[in-house]
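Predicted model, so just to flag it, every value in this text is computed and none were measured. Proteins come first, then strands; the chains are lettered A, B, ... in the order of their sequence lines, and each starts at number 1.
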Amino acid sequence: MSRISRIKGFADMFPEESERYTFMEAQARRIFGVCGFREWRTPLLELTELFRRTIGDETDVVQKEMYTFVDAKGRSLSLRPEATAGIVRAYVQESCYERERVSRVFTCGPMFRHERPQKGRMRQFHQINCECLGDPSPMADAEMILMLLEFLKAIGIGKTVLKLNSLGCVACRPAYVERLGEFLAKVSGDLCPDCKRRAAANTMRVLDCKRPECRAVLERGPKMSDFQCADCRDHFGRVTRLLDAGGAAYETDPCLVRGLDYYCRTAFEVLSADIGAQSAVAGGGRYDGLVWSLNGPDIPGVGFACGLERLAMLMPPTASAVPDFHLLVLDEGLLEDGFALMQDLRGRGLSGVMNHEVSGFKGLMRQADRSGAWFCLLLGPDEAAAGAVTVKDMREGGQRTVPRENVYDILAGDKS
RNA sequence: GCGGGAGUAGCUCAGUUGGCCAGAGCACCUGGUUGUGGCCCAGGGGGUCGUGGGUUCAAGUCCCAUCUCUCGCCCCA
């Protein structure tokens with residue numbers, strides 16, 4: 001008989017870590033809520049077709065990273081590799097655009113991609129997503145970015161860089177991609193093998209190659225900014241002005257490209273130098289064609305996702321809750337009596353546990369110490385005879401024996 | 001899919017050119033203290049040395065294979 005172990009790329013999360021996630025989600029709810037965003041929860045499992053249509057058939061995510069299987073009815077289903085597709089599917093399916101002009105949505109939960117795990121990249125990973133559907137204004141882009149920065153600040157993350165770019169739209173990007181492709185074909189000999197492959201498969205991706213030799217070549221290539229239509233140019237100009245006014249620091253980076261097909265115009269990423277090679281902690285942008293691609297009306301959208309595994313690495317430690325008491329019952333015959341006392345205290349909002357069996361006093365006392373509780377409550381024959389409980393302050397070391405009905409007030413009083 | 005590093009106690013690791021019964025620190029348990037934790041002292045439990053094969057009188061140590069973890073490439077948040 002061998003033990004069953006965890007599968008690769010999946011994590012067990014113990015309190016020290018999971019409490020960080022809870023904290024991040026709580027801050028997200030608070031800050032995004034202030035901005036009018038409300039939480040949606042959509043299924044972890046969707047028809048594979050949804051992701052093929054939205055993320056893009058040619059992307060690595062769809063081609064080789066999804067957990068896909070055929071169900072009993074012969075349908076191809078996939079665990080969601082990202083959240084936006086499901087949100088937009090629900091938006092279209094429930095005709096949310098008929099009920100409200102602008103839908104502001106956030107969602108959080110696990111995503112799944114079958115990649116090789118490494119620092120900051122798990123096969124089951126967690127994201128918080130925000131989507132604003134139905135608002136074409138650059139104000140929506142800027143609002144989204146400022147909200148994201150506010151969130152990062154709230155969870156204690158500094159030392160990040162915000163990068164910004166405009167990817168153009170259906171009207172102007174195709175011409176650019178074509179010219180870029182022609183250029184890359186000409187200089188093909190000077191590119192790294194990866195870029196040669198990318199030039200054909202996903203042309204824009206060549207722009208974010210990290211190799212210096214490729215970057216040098218690209219310096220001489222066509223620039224997206226020279227191809228942008230007037231609308232895109234105006235849109236991006238207004239976004240940057242709003243960010244300036246909002247006090248956000250950013251760098252425009254003409255080489256910033258998004259990985260998923262549906263992005264257009266504004267694209268942004270938040271990067272950190274402190275978490276290894278997977279340096280993007282959040283990323284997003286505008287996706288005006290996405291609702292349409294799911295046979296919905298032509299409704300614009302803008303959104304972002306942040307990776308909680310990566311943010312968790314950057315967060316300062318969170319303080320975990322300290323129990324109010326640890327009850328030690330010193331005699332077998334008093335266990336049920338002690339149980340009632342514990343339940344009474346819990347019912348009045350105090351937290352704590354008790355021993356369920358009586359062993360050596362030293363060991364019990366050590367358990368009380370390890371629990372970290374503020375107070376140790378002692379219930380033994382002496383106390384029981386007097387209808388009392390001994391309350392020991394574990395920080396100060398002092399103790400006193402008081403009538404049982406006073407225990408709550410002492411603990412609650414010290415708490416405030 | 002490709003490349004680097006690492007697997008010895010619950011955790012972090014030591015183990016010298018192969019050589020006596022496989023070690024330390026931390027953690028855990030018990031006792032020193034009949035009902036007082038942390039500090040100290042004494043004792044104790046716990047290991048198929050990742051797994052399988054090979055070389056050898058002898059393998060944690062050398063060779064081969066394999067698995068797992070980890071960092072990076074790719075890709076992405």
Side-chain angles (χ1 to χ4, degrees), chain A residues 2-3 5-11 55-56 58-66 81-84 108 110-130 148 152 160 192-195 197-198 201-202 205 208-211 257-261 263 267-272 275-285 303-314 326 328-331 334 358-373 375-384 390-399 401:
Chain A
S2 58
R3 291 193 183 180
S5 55
R6 185 179 56 234
I7 59 178
K8 187 200 282 283
F10 289 70
I55 296 169
E58 301 306 314
T59 58
D60 278 17
V61 172
V62 168
Q63 288 214 324
K64 47 191 190 193
E65 293 174 1
M66 289 203 299
E82 56 96 48
T84 305
C108 45
M111 311 293 158
F112 304 85
R113 289 183 201 175
H114 191 112
E115 304 174 276
R116 189 72 174 266
Q118 64 187 71
K119 191 173 186 180
R121 189 176 73 183
M122 290 287 134
R123 288 180 175 176
Q124 176 179 330
F125 59 102
H126 300 79
Q127 291 190 332
I128 296 177
N129 278 72
C130 280
L148 169 60
L152 295 175
T160 55
C192 68
D194 279 332
C195 281
R197 186 178 46 77
R198 276 189 285 237
N202 196 347
R205 276 269 143 201
D208 67 357
C209 182
K210 298 170 195 77
R211 292 169 196 272
V257 181
R258 309 287 12 253
L260 279 34
D261 279 4
Y263 287 104
F268 57 92
E269 260 176 25
V270 177
L271 306 168
S272 165
I275 53 171
Q278 306 302 311
S279 61
V281 298
F304 67 78
C306 17
L308 300 194
E309 278 72 12
R310 298 175 191 182
L311 291 176
M313 289 191 279
L314 292 166
H326 188 99
L328 296 184
V329 177
L330 307 179
D331 185 273
L334 294 170
V358 179
S359 54
F361 189 81
K362 184 175 179 144
L364 291 175
M365 202 63 203
R366 189 155 42 224
Q367 283 170 35
D369 184 45
R370 302 284 154 78
S371 80
F375 291 98
C376 177
L377 308 180
L378 293 168
L379 178 61
D382 297 348
E383 287 84 359
T390 296
V391 179
K392 179 181 174 77
D393 184 322
M394 294 300 275
R395 306 294 151 97
E396 308 294 327
Q399 69 181 49
T401 302

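Between D208(A) and G360(A), it is G360(A) whose nearest contact on RNA chain B lies nearer the 5' terminus. Between K8(A) and G284(A), the one whose closest nucleotide on RNA chain B sits nearer the 5' end is K8(A).
Among the heavy atoms of the strands lying under 4.0 Å from A277(A) are primed sugar atoms or P, OP1, OP2 only; no base atom is included. Heavy atoms of P381(A) sit under 4.0 angstrom from at least one base atom. In this structure, F125(A) reaches the bases: a heavy-atom distance under 4.0 Å links it to at least one base atom across the strands shown. As judged by a 4.0 angstrom heavy-atom cut-off over every strand, G380(A) is placed among the base-contacting residues.
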One character per nucleotide, please: for nucleotides 42-51 of chain B, 5' to 3', B when the base has a protein heavy atom closer than 4.0 Å, S when only the sugar-phosphate does, - otherwise.
----------

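If you measure from atom NZ of K119(A) to atom P of U70(B), you get 12 Å, rounded to the nearest angstrom. The interatomic distance linking N129(A) (CG) with C76(B) (C1') rounds to 13 Å, in whole Å. L328(A) has its CG atom 10 Å from the C1' atom of G35(B), to the nearest Å. Computed from coordinates, the E82(A) CD to C75(B) C1' distance equals 14 Å when rounded to whole Å. Following rounding to the nearest Å, M111(A) (CE) and C76(B) (C1') show an atom-to-atom distance of 13 Å. Rounded to whole Å, the distance from CZ on F268(A) to C1' on A77(B) is 11 Å. Rounded to whole angstrom, the span from the CD1 atom of I275(A) across to the C1' atom of C76(B) amounts to 12 Å. One atom, CD of Q278(A), and another, P of A77(B), lie 11 Å apart when rounded to the nearest Å.
Comparing the P positions of C39(B) and G54(B) gives a spacing of 50 Å, expressed to the nearest Å. Comparing the P positions of C49(B) and C11(B) gives an interatomic distance of 16 Å, to the nearest angstrom. Rounded to whole Å, the P atom of G25(B) lies 15 Å from the corresponding atom of G45(B). Here the separation of G10(B) from A58(B), taken at their C1' atoms, is 32 Å to the nearest Å. Between the C1' atoms of U33(B) and G38(B), the separation comes to 15 Å (whole Å).
Contact between the side-chain N/O atoms of Q118(A) and the OP1/OP2 oxygens of G72(B) is found at a separation under 4.0 Å. Close to C74(B), at under 4.0 Å from its OP1 or OP2, lies no side-chain N or O of R205(A).
To the nearest 0.5 Å, the span separating CG on L328(A) from SG on C376(A) amounts to 4.0 Å. Going from atom CD of E115(A) over to atom CE of M122(A) covers 11.0 Å, rounded to the nearest 0.5 Å.
For R198(A), there are no salt bridge (Lys or Arg N to Asp or Glu O under 4.0 Å) partners two or more places apart in sequence or in a different chain. Legend: residues meeting side chain to side chain donor-acceptor pair (under 3.5 Å) with T59(A), ordered by chain and number and at least two apart, are absent. Considering only residues two or more places apart in sequence or on other chains, S371(A) meets the side-chain contact (heavy atoms from CB on, under 4.5 Å) condition with H326(A), A373(A). For P381(A), the side-chain contact (heavy atoms from CB on, under 4.5 Å) partners are D331(A), L334(A), not counting sequence neighbours. By the salt bridge (Lys or Arg N to Asp or Glu O under 4.0 Å) test, E82(A) is found to be paired with no residue, residues two or more places apart in sequence or in another chain being considered. Residues satisfying the salt bridge (Lys or Arg N to Asp or Glu O under 4.0 Å) test with R205(A), not counting sequence neighbours, are D208(A). Every residue was checked against the side chain to side chain donor-acceptor pair (under 3.5 Å) condition with Q367(A), not counting sequence neighbours, and none meets it. Remark: K8(A) engages no residue in a salt bridge (Lys or Arg N to Asp or Glu O under 4.0 Å) (not counting sequence neighbours).
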Tabulated below should be each protein N or O lying under 3.5 Å from an N or O of nucleotides 36-41 of chain B; please produce it.
unit_1 : atom_1 : unit_2  : atom_2 : d
U36(B) : O2     : K392(A) : NZ     : 3.1
U36(B) : O2     : Q399(A) : OE1    : 3.4
U36(B) : N3     : Q399(A) : OE1    : 2.6
U36(B) : N3     : Q399(A) : NE2    : 3.3
U36(B) : O4     : Q399(A) : OE1    : 3.4
U36(B) : O4     : Q399(A) : NE2    : 2.5
G37(B) : O2'    : D369(A) : OD2    : 3.1
G37(B) : N1     : M394(A) : O      : 2.7
G37(B) : N2     : D369(A) : OD1    : 2.8
G37(B) : N2     : M394(A) : O      : 3.0
G37(B) : N3     : D369(A) : OD1    : 3.1
G38(B) : O4'    : D369(A) : OD2    : 3.3

Give each protein N/O atom lying under 3.5 Å from an N/O atom of nucleotides 1-6 of chain B, with the pair distance.
unit_1 : atom_1 : unit_2  : atom_2 : d
C2(B)  : N4     : R116(A) : NH1    : 2.4

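Between the side chain of E309(A) and the backbone N or O of H126(A) there is at least one donor-acceptor pair closer than 3.5 Å. A donor-acceptor distance shorter than 3.5 angstrom exists from the side chain of K392(A) to the backbone of G397(A), with no hydrogens or angles considered.
A donor and an acceptor atom, one from each side chain of T390(A) and Q399(A), are nowhere located under 3.5 Å apart. Side-chain contact, T160(A) with S272(A): no donor N or O sits under 3.5 Å from an acceptor N or O.
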Canonical and wobble pairing (Watson-Crick, G-U, under 3.5 Å) of RNA chain B, dot-bracket with |
(((((((..((((.....[...)))).(((((.......))))).....(((((..]....))))))))))))....

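Residues R310(A) and V281(A) share a closest heavy-atom pair of CB-CG1, 4.0 Å.
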